[in-house]
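All remarks here apply to the structure that follows.
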Amino acid sequence: MRTIRGTGAFDSFSERFRLKAIGMTLKINKRAQIGTNPGVHVLIAGTSLYRHLPNGGDAPAARNFGMQQLASPALSAYKIYRWLEERQDKLALPLTTCRLLLSPSVGEIAVEPQLAGLAEACTRQNFIREAQSWRTDASTHDENITIFYFAGHGIQRSRNDAVLLFEDFADPNAGGVLTNSADLVNIFNGMAPPPADSPNKIARTQFYFIDACRILPSEIRDFERMSTTDVFDVELSGRDDRQAPIFFATLPGIKAYGVRNEQSLFNKALLECLNGAAGDVYEKPDGDIGYCVTVQSLNKALHRFFDELTELPELDQEFSLGGIATGDAVIQRLDSRPMLDLFLEVEPNEALPFTKIEIVSGDPTVQVAPLPKPLSPVPFKCQVPLGFYTINAITDAGNSAYQTAAGAGRMYLPPRAFWKRSVRK
Amino acid sequence: MNGKLTFSIHDTHLSSPLPVEIRKPNFLLVDKGLTSETKELEPGKYYVTARMPAGQELSAEVVIKTGKTVNVALAPEPAEASPHEFQAEQHFNIGEKNMSRRQITNHLNPTFDDMFFKRLDEGEDFIASHLESMFVPTSEPVVPDAALLIFKGNLFSFNPSKQIKLQGSRAIKAENSVRISVEPTAELIYAQLRQANVPPLNFALPVSHQFGCTLVVQREANRNLLSIDANLRHSQADMLLRYTQKGFLNQASLVSDAVAAEELLRDKVSDPIAAAVGAYSLLKFGEIERLHDWTENLRQFFEWLPDGAAIRGEHLARLGKHEQAAQAFLDLAQRGIPIFSDGLSYAVERMRIYVDLERKRKFSINRLPEAENLLQSLQRFSDYTDFNQPITTFTGQNPAKPDDVITKSGGGGLKIGVFF
């Protein structure tokens, strides 16, 4: 435990920023209500403060591989936790347990004071303890669902692997530099189904979200293969029939980016997608239409999101999906049909006074309000539900310079779409 | 009574059927499949969508009538059409390619060699003269200082002097790319692209005894750098690879599902490379049942193919047969690095576990020294591999000793840069 001083003076830089985690790590516990039924078990960890990296306030690392303090992972992890709190009744199964580990930076606490003392720090010891408890909960029923979210520093190992670095990474008194870190592969394999002759169970639907850089500092390559700490004693698994997608915030070899004291880009994209941008349609048992976010719809939507981001030349982050991407498990149900921002333009601008834009939905139950003529401002932004639309540019009958351009039915998906039509003769 | 729906694709010049989705106006997905199929649907209005491997979207509205067969034509938007027919495959399959980001370190403005290139041997002369006949440099060419070399062999026991020539290859120059036809061979071959001020890029060429591939060297948009890629000769396997690479898993699943992965595995005798692509996709989607025992045949019938060993190893591991899996992975010591990066990833991840368990005496394959050596060799490559690329791609001037040392100039080899 680390201790908060009062509002008086502090003895040292490190003590000023030590925080006492007065909150529990098991933030949600509904085991009693759920009983022996399957449910969702969650482990969330977010590390912004790295005590042994520069300005961390503790004994400096012998080697820090150029890594610095972070300013968004803890807040990002917290946002995921809050999202689960709000949406717990909309998950595919009831939310049964949720564990939270946070090592926030001072800047993040300033922005979100609730972070202070909300959860225990994401140290190696705490992480291993909570991960093992999480796995125990996950092992109560084969139909359980698990969610794992990690945000912080990461190092690439292979396509499906990353080394997750904890708050006490590079502790000079801990032995090897990677002692206070864990291999994702160890966690992933530790959650694999047991052999067929074992009485043990494990959740067969597992979602992993790794919001971390995946670079391999050249200094680390130069050393003999360094060892991380095993979170689980991995036994040889049985038949691996899990649905276990791993959503990586970035591609192997690429950094992940965040907005200082706000959230990471991946976190922003993920939440936007979970809140509707990744929505898809399904048919309920009663024949009604419902909306949900699934693994595949989330995958598609995250790609769309990052395709837009890579238009910015200084940003090379892309998202990737690993693990075992079997099936199309439902992550959560949505309350309503997802909406998208539709941006409209006509070429040339001079034609605007003579052009009326008409949006016709392919779904007769959707009526789009008439748009102003001329469109203003340009590009003109409106909101429509996801679906199929025909967008026509109808020019005034009397004008001689421009001609009506009829559209063709096209699919428009969240979060945003762009439409531009030339009406030149 | 239902109606029927058939599909036609226009203006893409691609030979393989595309995966499609059919939705109602309320967006509900009613069916999916390939454009080569005929779908039976209830009368009504539907929307058909298809996505190309490079990302272009095709869509059309169709009305199905009772007892009638309707054909829906799918075509790219004019703005997304291929600039030329001969570029269509690249435009719709690969699109704009960013060079492996591992290479972009301290890129400076390139120096320019003159237009002379060293005629190393008949093979490269053939390519060079063929390209030269098609392309006349402009008065002020902006020429990436780049060279292309070809090596062969198992990189675990590799002699860097084993540079070879591309026998009887044909080449086509397009606007921003050079496409070189690589002939079949039943051994491992690698292309190395050397450019000034970036680490050399090594690229495994996906060829087999019966089918070659098309090596594509492309100039990156707005950059003075070249990238490297390959199209498989088996067009459907190539499409499957591209969809998976781009993360279009819905589409990849449809191609894998409806076609072809099983056919590819069944046809393993004719095209083991395509069979390997099919097997990797089934592993990715967890479709272990559909692998049957064919992965063992792929491993046994093609002893030169590392991916046969990696696929079989991962298949067995997923079944919980770990001792047999380890034995399969250990074949890689004699075979070399898998041609596809999925295989390298599976091998590294599994062997790390097996070596660890063997050391802790929780596992027994009785080949611990071999396993440790193999793991060390694999990790040497995985540290410098770009896992974003589906075909194994890593940096290093000596293909057997990966590193990220920057070269000052393109150096010897086919001066590929002069053709851009």
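Since we're looking at a predicted model, the values are computed, not measured. Below, chains carry the letters A, B, ... as their sequence lines are ordered, and counting in each starts from 1.
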Region of [X] in contact with chain A, defined by heavy-atom distances below 4.5 Å:
X        : result
B:Leu319 : both
B:Leu249 : both
B:Gln251 : neither
B:Asp356 : side chain
B:Lys321 : neither

- [ ] Indicate yes or no: does B:Arg23 engage A:Asp280 in a salt bridge with an N to O separation below 4.0 Å.
- [x]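 Result for this pair is yes, salt bridge flagged.
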Task: Ion pair check, B:Glu289 and A:Arg239, cut-off under 4.0 Å - done: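 So B:Glu289 pairs with A:Arg239 through a salt bridge.
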Open item on the list: So which residue, A:Val366, A:Leu321, A:Asn299, ends up with the most heavy-atom pairs under 4.5 Å with chain B?
Closed with: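 Most heavy-atom pairs within the cutoff with chain B belong to A:Asn299.
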TODO: Among A:Val295, A:Asp230, A:Val281, single out the residue with the greatest number of heavy-atom pairs under 4.5 Å to chain B.
DONE: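 Heavy-atom pairs under 4.5 Å are most numerous for A:Val281.
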TODO: Establish, for the pair B:Arg380 and B:Tyr384, whether the NZ or CZ atom is under 6.0 angstrom from the six-membered ring centre and no further than 45 degrees off its axis.
DONE: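 Output no; distance or angle outside limits.
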Checking heavy atoms, do the side chain of [X], its backbone, both or neither come under 4.5 Å from chain B?
X        : answer
A:Ile289 : side chain
A:Ala408 : neither
A:Asp241 : neither
A:Thr365 : neither
A:Leu413 : side chain
A:Asn186 : neither
A:Tyr282 : backbone
A:Arg337 : side chain

Open item on the list: What I'd like to find out is whether the side chain of B:Glu57 reaches to under 4.5 Å of the side chain of B:Thr49, using heavy atoms alone.
Closed with: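 The answer is no, as the side chains (C-beta and beyond) never meet within the 4.5 Å cut-off.
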Task: Heavy-atom closest contact (B:Ile365 atom, B:Glu358 atom, distance) - done: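 Nearest pair, atom of B:Ile365 first, then B:Glu358: N-OE1, 3.0 Å.
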Task: Separation between OG of A:Ser320 and CG of A:Leu302, rounded to the nearest 0.5 Å - done: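 Interatomic distance, A:Ser320 OG to A:Leu302 CG, rounded to 0.5 Å: 10.5 Å.
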TODO: Report the distance from atom CD of B:Gln379 to atom CE of B:Met351, rounding to the nearest 0.5 Å.
DONE: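 Taking CD in B:Gln379 and CE in B:Met351, the distance rounds to 10.0 Å.
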Open item on the list: More than 12 heavy atoms of other residues, nucleotides or ligands under 6.0 Å from NZ of B:Lys362: yes or no?
Closed with: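 Atom NZ in B:Lys362 is packed in, count exceeds 12.
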- [ ] Could you tell me how the ring of B:Phe381 sits relative to the ring of B:Phe394: parallel (under 30°), tilted (30 to 60°) or perpendicular (over 60°)?
- [x]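 Perpendicular.
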Task: Parallel, tilted or perpendicular: rings of B:Phe27 and A:Phe388 (30°, 60°) - done: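 A:Phe388 and B:Phe27: tilted rings.
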Open item on the list: Heavy-atom pairs under 4.5 Å with chain A: which of B:Ile288, B:Asp342, B:Leu283, B:Asp403 has the most?
Closed with: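 So the answer, after comparing B:Ile288, B:Asp342, B:Leu283, B:Asp403, is B:Asp342.
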